[in-house]
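Report on one structure; see the data block that follows.
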Amino acid sequence: MRHSNNVTLMNITLKPGQSIFDQVVFAATKAFVSGEYQPGQAFPSVRALAAELKIHPNTAHKVIQHLIQERWLEARPGIGTVVAEPPQARHGDKRRLLREEVEQLVVEAKRVGVQLKDVVDAIADRWSALDRNKDMDGRK
């Protein structure tokens, strides 16, 4: 199996005013869920990630360690960091998602005047887009 450090980390444009760490972790997780990264595929090293995203190496290291801790990545001696099999949800993950994350979405939607139907439609669109990306990646 050949591993390459030329893998481009998801298309990410870092936004000012938001945590770089959170943005990169979210983009990586989205890439894993959508199938942009496949299990066993090499993940950029700390140095490559920092250079590619123009972020501090300490931030890149923190991102990679977090993704290892969350079981999205595995550190393999002599090989490097690779994408793991998608982890099973931990006890409480679903409850936290449905309680906290959805509440944040609802509060923001109400704050900016978005209707419930538009929120549901937007969720369905993003869900379908991630599934399409995964299906397309599986056919490569």
Side-chain angles (χ1 to χ4, degrees):
M1 181 179 340
R2 186 175 160 272
H3 293 278
S4 168
N5 284 337
N6 295 337
V7 176
T8 301
L9 185 63
M10 52 271 139
N11 295 326
I12 179 173
T13 302
L14 296 174
K15 299 173 186 130
Q18 296 179 8
S19 160
I20 292 171
F21 170 81
D22 289 341
Q23 290 180 69
V24 176
V25 166
F26 176 78
T29 304
K30 181 178 174 183
F32 303 141
V33 169
S34 71
E36 183 178 336
Y37 274 91
Q38 297 294 314
Q41 183 177 352
F43 193 80
S45 67
V46 168
R47 185 177 296 150
L49 186 63
E52 181 179 334
L53 298 179
K54 296 178 178 64
I55 62 175
H56 195 280
N58 289 349
T59 302
H61 181 265
K62 185 178 168 186
V63 166
I64 290 173
Q65 290 306 309
H66 178 78
L67 293 171
I68 289 171
Q69 180 183 343
E70 291 297 313
R71 302 170 309 182
W72 286 107
L73 296 176
E74 297 174 350
R76 294 189 181 164
I79 294 175
T81 305
V82 298
V83 178
E85 290 292 329
Q88 294 294 315
R90 293 180 177 149
H91 179 71
D93 283 352
K94 291 177 185 177
R95 185 175 60 242
R96 180 190 51 76
L97 168 74
L98 293 173
R99 185 180 57 236
E100 297 170 15
E101 305 291 334
V102 170
E103 183 174 17
Q104 288 178 353
L105 173 63
V106 169
V107 168
E108 274 303 296
K110 285 184 162 277
R111 182 183 73 78
V112 298
V114 176
Q115 298 298 309
L116 175 60
K117 180 186 180 325
D118 296 330
V119 172
V120 171
D121 289 347
I123 290 170
D125 289 346
R126 294 310 310 148
W127 193 288
S128 295
L130 288 174
D131 284 346
R132 274 193 308 275
N133 290 345
K134 196 170 200 169
D135 291 344
M136 289 173 50
D137 286 343
R139 285 184 247 144
K140 286 182 183 173

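To the nearest 0.5 Å, atom CD1 of residue Ile55 and atom CG of residue Leu14 are 7.0 Å apart. Taking CG of Asp125 as the reference point, atom CG of Leu130 lies at 11.0 Å (rounded to 0.5 Å). To the nearest 0.5 Å, the span separating NZ on Lys94 from CZ on Arg99 amounts to 15.0 Å. Atom-to-atom distance recorded for Asp131:CG and Arg126:CZ is 11.0 Å, nearest 0.5 angstrom.
With a 4.5 Å cut-off between side-chain heavy atoms of Ile, Leu, Val, Met, Phe, Trp and Tyr, the cluster of Val119 takes in Leu105, Val112, Val114, Ile123. The hydrophobic cluster containing Leu116, built from Ile/Leu/Val/Met/Phe/Trp/Tyr side-chain heavy atoms closer than 4.5 Å, also comprises Val120.
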Inset, instruction - Test Thr81 against Leu67 for side chain to side chain contact (heavy atoms under 4.5 Å, CB included), laying out the working first. - result: CA-CA 10 Å; Thr81 305; Leu67 293 171; over 6 Å; no
Inset, instruction - Decide side chain to side chain contact (heavy atoms under 4.5 Å, CB included) for Ile64 and Leu49; before the verdict, give the C-alpha distance in whole Å, the side-chain angles of both, and the deciding distance to 0.1 Å. - result: CA-CA 9 Å; Ile64 290 173; Leu49 186 63; 4.0 Å; yes
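In this pair, Phe32 and Trp72 present their aromatic rings parallel. The plane angle is below 30°, not in the 30 to 60° band. Between His66 and Phe21, the ring planes lie perpendicular to each other; the angle is over 60°, past the 30° to 60° tilted range.
Here salt bridge (Lys or Arg N to Asp or Glu O under 4.0 Å) pairs that include residues 60-71, with residues two or more places apart or in two chains, are Glu70-Arg90. Sequence neighbours left out, not one pair with a member in residues 92-113 passes ring pair (Phe, Tyr, Trp, His ring centres under 6.0 Å).
By the 6.0 Å contact criterion, CD on Glu103 is open, its count of non-hydrogen atoms from other residues, nucleotides or ligands being 12 or less. The number of heavy-atom neighbours closer than 6.0 Å to CD of Gln115, taken from other residues, nucleotides and ligands shown, is 12 or below. A 6.0 Å sphere centred on CD of Gln88 holds no more than 12 heavy atoms belonging to other residues, nucleotides or ligands.
Side chains of Val82 and Leu73 form no contact here, defined as non-hydrogen atoms less than 4.5 Å apart.
Nearest approach of Tyr37 to Ala42, heavy atoms of both residues: CE2-O, 3.7 Å. For Pro57 against Ala50, the heavy-atom pair with the smallest separation is CA-CB, 3.8 Å. Closest heavy-atom contact between Ala48 and Pro44: CB-CB, 4.1 Å.
Glu74 is linked by a side chain to side chain donor-acceptor pair (under 3.5 Å) to Arg76, counting only residues two or more places apart in sequence or in another chain. Partners of Phe26 under the ring pair (Phe, Tyr, Trp, His ring centres under 6.0 Å) rule, at least two apart in sequence or in another chain, do not exist in this structure.
Not a single donor-acceptor pair under 3.5 Å links the side chain of Gln18 to the backbone N or O of Gln23.
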